[in-house]
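Quick notes on the structure that follows.
Quick caveat: nothing in here was measured; it's all calculated off a predicted structure. Every chain is numbered from 1 and lettered A, B, ... according to where its sequence line falls, protein lines coming before strand lines.
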Amino acid sequence: MSGVPELLLLRLLAQREMYGYELVRSIRLVTGEAISLGEGVIYPVLHGLEKNGALKSRRRTVDGRTRVYYSLTRKGRTRLDKLTGEWERIQGGVSAALEVS
Amino acid sequence: MSSIDFSRFERELERSGIAPRHRRRTTTELDAHCDDLQAALREQGVPRDEAAREARRRLGDLDDLAAAIAARPELKCWYLRWPRAARVVYPVACVAALPLVPVFAGVNHASAIARWGACLVLSAGFTAGLLLVLKLSIQP
């Protein structure tokens, strides 16, 4: 369960590059506010993923404001596939357990 | 710029050994994020002060955030990630840098050294000239 923020961030960044605030807003929209993070928490996750080579970043100046945009690397896509597989396995296990009970 | 004071947050990250590059970047991104939050809330008609408070709340507790960052070893300074290597590299680097110390000292005090050199040359020239005059005056 601790990998959920990482999975969500990688999944969103697989579609297009985004900056931090945009990512948080997208998580709220896509999950229907089912998942709500302390918004500052995504930054250590993003920096950790970048440090591990799953993301790359670049600075862009838009409307006079400089933002750091993140995008997925090939290593990040591999990580995303792995986390997606793990999540589906967990989801299947939980669903099976709920059916039994 | 948001109204949040990140100085204590930065000190906590520094104390935890987080690399300067990650400290600066995190603070910059959090500040911009808070700005974006406030701007979005003001667009919804929230008064300025309330928007600032709500943005601060949604950003999360800075102490908790500092702890979350400190828990990530990949963001720490290299000498904390590889302490054994640091214990070997630092002494070797200090010994290797010793011959460069006079060069750096010279660069930092170039004008003073130039004046000192000029005084040396002038005084040596004056002394040589004086000795020559004495020698010529003594000769029969």
Side-chain angles (χ1 to χ4, degrees), chain A residues 1-10 12-13 17-31 33-71 73 75-76 79, chain B residues 1-2 4-6 8-10 12-13 16-44 51-78 80-82:
Chain A
M1 294 301 292
S2 63
V4 169
E6 192 178 320
L7 173 59
L8 289 173
L9 290 173
L10 290 173
L12 288 168
L13 290 171
E17 66 172 4
M18 290 189 229
Y19 60 98
Y21 175 71
E22 206 176 1
L23 277 164
V24 169
R25 200 175 54 189
S26 299
I27 288 173
R28 282 177 185 269
L29 282 171
V30 163
T31 63
E33 307 242 359
I35 294 179
S36 181
L37 310 170
E39 298 196 11
V41 155
I42 68 156
Y43 291 105
V45 179
L46 288 170
H47 296 170
L49 286 168
E50 188 184 9
K51 190 75 178 171
N52 294 333
L55 299 179
K56 60 186 179 195
S57 65
R58 65 183 183 120
R59 289 178 185 271
R60 281 177 58 187
T61 303
V62 177
D63 296 331
R65 303 182 71 177
T66 302
R67 294 195 172 104
V68 180
Y69 281 75
Y70 296 88
S71 57
T73 62
K75 192 172 176 184
R79 178 96 181 120
Chain B
M1 296 281 289
S2 71
I4 299 180
D5 181 12
F6 287 104
R8 196 180 111 181
F9 174 72
E10 283 196 62
E12 187 55 37
L13 293 183
S16 305
I18 299 299
R21 185 169 65 90
H22 291 296
R23 290 203 304 265
R24 282 192 298 269
R25 190 160 145 197
T26 302
T27 306
T28 303
E29 286 183 294
L30 286 173
D31 198 37
H33 191 115
C34 197
D35 270 349
D36 286 332
L37 274 172
Q38 288 187 54
L41 289 165
R42 288 208 300 273
E43 273 178 22
Q44 294 169 20
R53 274 196 303 274
E54 176 63 12
R56 179 72 179 77
R57 187 193 68 77
R58 282 169 54 173
L59 200 64
D61 184 81
L62 289 181
D63 290 337
D64 291 344
L65 188 51
I69 296 170
R72 292 193 164 259
E74 67 271 27
L75 301 181
K76 297 202 173 187
C77 301
W78 72 272
L80 290 174
R81 281 186 282 142
W82 300 293

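- In this structure A:Arg65 satisfies the side-chain hydrogen bond (donor to acceptor under 3.5 Å, both in side chains) test together with B:Asp36, sequence neighbours excluded.
- The list of side chain to side chain donor-acceptor pair (under 3.5 Å) pairs with a residue in residues 18-27 of chain A, not counting sequence neighbours, reads A:Arg16-A:Glu22.
- Counting non-hydrogen atoms of other residues, nucleotides and ligands closer than 6.0 Å to CZ of A:Arg59 gives a total of 12 or fewer.
- Screening B:Arg56, B:Arg57, B:Arg58 against A:Glu39 for a salt bridge (Lys or Arg N to Asp or Glu O under 4.0 Å) leaves a single residue, B:Arg58.
- Nearest heavy atom pair, residue B:Leu75 against residue A:Gly48, reads CD2-N, 4.1 Å.
- Other residues, nucleotides and ligands contribute at most 12 non-hydrogen atoms within 6.0 Å of the NZ atom of A:Lys56.
- The greatest number of non-hydrogen atom pairs below 4.5 Å with chain A, out of B:Asp64, B:Thr26, B:Leu37, is found for B:Leu37.
- When only modelled atom types and interatomic distance are considered, A:His47 and B:Glu29 share a side-chain donor-acceptor pair under 3.5 Å.
- For the atom pair CZ of B:Arg72 and CG of A:Leu49, the computed distance is 7.0 Å after rounding to the nearest 0.5 Å.
- Taking OG1 from B:Thr27 and OH from A:Tyr43, the interatomic distance works out to 12.0 Å, rounded to the nearest 0.5 Å.
- A salt bridge is defined here as a Lys NZ or Arg NE, NH1 or NH2 lying under 4.0 Å from an Asp or Glu carboxylate O, and B:Arg25 with A:Glu50 meets this definition.
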